[in-house]
Amino acid sequence: MSGYNPHAIEKKWQARWLAEKTFASTRESAKPKYYALDMFPYPSGEGLHVGHPEGYTASDIVARYKRACGYAVMHPMGWDAFGLPAEQYALKTNTHPQVITQKNIERFRAQLQAIGFSYDWDRQVNTTDPDYYRWTQWIFLQLFDTWFDETQNRGRPIAELISEFAAGKRALPAGQSWDKLTATEQRQVLSDYRLAYLAEVPVNWCPGLGTVLANEEVIDGKSEVGGFLVERRPMRQWMLRITAYAQRLLDGLADLEWPESLKLMQRNWIGRSEGAEVEFLLENGHGRLTVFTTRPDTLFGATYMVIAPEHPLISNAQGNHQLPAQWPAATPEAWRYNSASPAAAVAAYQKWAAGRSDRQRQEDTGKTGVFTGLYAINPVQGARIPIFASDYVLMGYGSGAIMAVPAHDERDFEFAGVFGLPITRVVSADAGIGDAGRLPLCDPGYAVNSGLLDGMPTAEAKARMINYLEEKSLGRRRVQYKLRDWLFSRQRYWGEPFPLVHLEDGTTVALADDQLPVRLPPLDDFKPTGTMEPPLSKAQGWRDVAVLLDGSAAGRARIVPAGTHGAKVARRELNTMPQWAGSCWYYLRYMDPRNSQEFCSMAEQRYWLGGGAGGGGVDLYIGGVEHAVLHLLYSRFWHKVLFDRGLVACAEPFAKLVNQGLILGEAEFTAFAAADGRYVSTGDIEPDWGTQIGPDGRPQHTSRIRSSGELVVGRALEAKDVEKRGEAFVLKSDPNIQVDARSFKMSKSRGNVVNPDDVIADYGADSLRLFEMFMGPLEQVKPWSTAGVEGVYRFLQRLWRNLLGSDDNPGPRVAAADAAGWKRIDGTLLSAQEQQQAAEDAAAAIRHTHRLVRKVTGDIERLSFNTAISAMMEFNNTLAKLRWVSADAAAALVRVLEPFAPHIAEELYSQLWPQSQAASVSLVPWPRWDEALCVDAELEVPVQISGKLSGRVKVPAQADEDAVFAAALADEGVQAKLAGRPVKKKIYVKGRMVNLVV
RNA sequence: GCCGGAGUGGCGGAACUGGCAGACGCGCUGGACUCAAAAUCCAGUUCUCGCAAGAGAGUGUGGGUUCGACUCCCUCCUCCGGCACCA
């Protein structure tokens, strides 16, 4: 029997699974379903790294296990292939992104197949395929065609809004009559209701690169690539009204089986806060300023107001004239921003603030601002209070204006300090004492100096104030969310085109469904234009079109040849969708990937998602925590819109979600040496390290000696050069020198990336899979270890020898009994002596076999794969000590191994049972265990005396409490330790332990 | 700063519901096989004392609850992650 050769068997089985479609997901109404989903990868040019197979192996184990348990399993894979890296690589190499994407997909697929995942490859999706993005566009049009009805708290078709307008059931914003409006005016009205709308928003515009950048691409006000200055500039962008769904997205989290920490991240991101909207009249009588506050109880302490620099009161043409021409009398110099008039001061400040990046705002928290020259009136106590502009107030939150209560808000307190503004205490820490304690006091307390609120605890004062404001029509209760609407357009080439056209009247019309997909036009030059125009503006033949509108009030357009009777001139939308679009709904397409009539049929959804009262959704979704708030929030949002429109079967897409932990590089030991070569203890250097390129061209750590500032450089050490001394590792050669020991995130620049292809080449896919799972709990961050891979590889070799024999001991060691007696699995009858041995060995293995099945089953159910693997190792070690392995034990082991290491399991199964009916061990049902066969006939029970271990006694498994106590007291060792002391209390935990309290 | 999570041998980790701490694997030590090495197999491996039998200590720190605490409660320390002028 030849030894374990992973390469030969893995290729063979992978080819068979593919050819025989072993893992096809088929809807079988007689079977329960299970949907095990992976976050599909972006097929980068780098190929797979060891982080990918971690989650993928985990879900694969569950998928294989569930199939064995009789479920119809959906376990698909696909490609999130639109995006910037492909486009940039395409620019660099002058290749079309389509070509690069295709190549990367092929590479990724080959790599995934080499790991032996049980995907149904016939369901593969690719977000860049027109047959796929056709439906991405279609779903976008559903959003475009939906408005959010606040009273019903759900999205409804635009057509229903139109009928409400037409029937007069809903008033138009400006009080007009719907029928009197022109078609253009009607479209303008509707655009304010749609979930997809155009708005002027500030973006990160980089003139140096000629493109808009994402926030993550801007560092210290400069572009990450090239270091060009980035400015905030308003641009008309597509937005999705996710804020309408804020409460639904928040409420929906409650029932999801997701990590609590991740739910919390989403809750924080949505950022619900309760409070009040309060209106302040301007002193000049020209209107009012509305603010949101969570502390309406402190309204009596509002001594000034602050508005964002972009606030309409001071930024738009209508508002500007409100600014007084001169500084009001007695305006302090410090309020004037070195300017001659309020208008000049405000303009100068606005300019300065616009040049500050978000990062700069965060870093310099010192308060800046300028007096606008305007005053407002505090609505409850009538004080005349100045209005400032400052960038500590953000235009994007609330109304972009605040009432400042310096006594009870740290930011307001600091600002008041800078500008010498009055600070009035309106909350006291104690009920009895008036003005005690330091300011600012931000915690709840008791209202003081607040008229009708005096003496009330903060919570009660809030409620009372809101009621008062509502009675007097000065304000109202209000819930505010941090969540912003989703900026949905990009000035990029490699993304989904929008299925929209702009008419000459400035309105936007959706294309009819039969016009989809709107294909990305082939472009030789897809470079950014250098202006604010998207690259698609260069596709002139594509950009300018003639359209016919259908008769519907909402208006849908069809592209027709220019000059067609009744056609209007139009221009296509030239932006593309962001990378998140395709991933928002891919889990739906898998269920019905080739459907050309629908994005996904309801029949497929009802089966695979379930739904109804029981929740429904994907049963298990595994992926990285980096998608906690973006992808996972965006897809929940789309799903809810589709749900409202009756297009999906359940309210939430992902019922259970697990984040796999990051895999770090192999542990590294680093000692720091000064220029003269002497080592310096890590305790003596600055904890923040830098990097430089070393003489060998590899990066190395640098730091400085804390006392002298002298430069020190890190040197990599071998584990054998260091030892543990107390809490720290030190050099063996000089124990006074502490060294650094830790694992780093894998990165190309650091050179510690582990490539799965290499691991497979050295040890095989089964060892890769096994080690990825054996490292530790799935959710945990853990370092890679090549020695650890060798460990699991050795386990597989031992297992192989254990069942199929070795050179020393050739022939299978598996034996089965029939009427003729014990035979080797290959049919050879054993000698009388061997028969007896085989029977004894089989009996010895029964209990272990049943325990193994119980343990592995339970561990898979709770996703504790590392402990399942150690149970299999233990079992294998047990079998290794026996001369013969019973066929029952071997079959159970091979079966439970299959989800983890499917190739070797298939091979062992086919070699041991070549006559088997099942073409694949994966088709053999999951084994059952008998609880009665898991227990020993005799237990060894530890005996404690007053909680301290003092001996062990053997008792029959069924022994009752009294019998166990008797046995414990009879034990000589226990007797000796009791030394005649009377036992006050006896405790027996069944099968676990005895405690005798003296 | 605020909010989470985690601290167990030389290392990754186990202990699922408060009940024998350290399973399993790596590493290391010794032995067998070998002319030798690799591979493999066997034994040992938390720390301290002891030739040994054994004794004592021990799950980041200090305290508490309990017959009994890695597990529950409080204090502090360290590390990791998220958010960060959100009114």
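Note on naming: letters A, B, ... go to the chains in the order of the sequence lines (proteins, then strands), and numbering restarts at 1 for each one.
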Worksheet item: Of A:Tyr481 and A:Asp859, whose closest RNA chain B nucleotide lies nearer the 5' terminus?
Response: A:Asp859

Discussion item. With rounding to the closest Å, how many angstrom separate the C1' atoms on B:G68 and B:G19?
Written reply: 7 Å

Discussion item. At less than 4.0 Å, is any side-chain N or O atom of A:Arg794 found next to OP1 or OP2 of B:C26? Yes or no.
Written reply: yes

Practice prompt. Look at the side-chain N and O atoms of A:Asn866 and state whether any lies under 4.0 Å from the OP1 or OP2 oxygen of B:C24.
Written response: no

Worksheet item: With sugar-phosphate meaning primed atoms plus P, OP1 and OP2, does A:Ser261 contact a base, only sugar-phosphate, or nothing at under 4.0 Å between heavy atoms?
Response: sugar-phosphate

Worksheet item: Should the pair A:Lys986 and A:Phe965 be classed as cation-pi, given the thresholds of under 6.0 Å to the six-membered ring centre and 45° from the axis?
Response: yes

Response to the item:
Judged by nearest nucleotide, the residue sitting upstream toward the 5' end of RNA chain B, A:Gly400 or A:Lys985, is A:Lys985

Worksheet item: Hey, is the side chain of A:Gln780 poking within less than 4.0 Å of OP1 or OP2 on B:G13, counting only N and O atoms?
Response: yes

Discussion item. Checking A:Thr857 now: which residues fulfil side-chain hydrogen bond (donor to acceptor under 3.5 Å, both in side chains) with it, not counting sequence neighbours?
Written reply: A:Trp926

Item to complete: Can you sort out the partners of A:Lys954 under salt bridge (Lys or Arg N to Asp or Glu O under 4.0 Å), two or more places apart, ordered by chain and number?
Response: none

Worksheet entry | Rounded distance (Å) that lies between atom C1' of B:A14 and atom CZ of A:Phe774 | 10 Å

Worksheet entry | Chi-based syn or anti call at B:G9, which uses purine or pyrimidine torsion atoms and a 90° bound | syn

Item to complete: Round to a whole Å and report the spacing from CD1 of A:Ile869 to C1' of B:A14.
Response: 14 Å

Discussion item. Rounded to whole Å, how long is the line connecting atom NE2 of A:His408 with atom P of B:A87?
Written reply: 17 Å

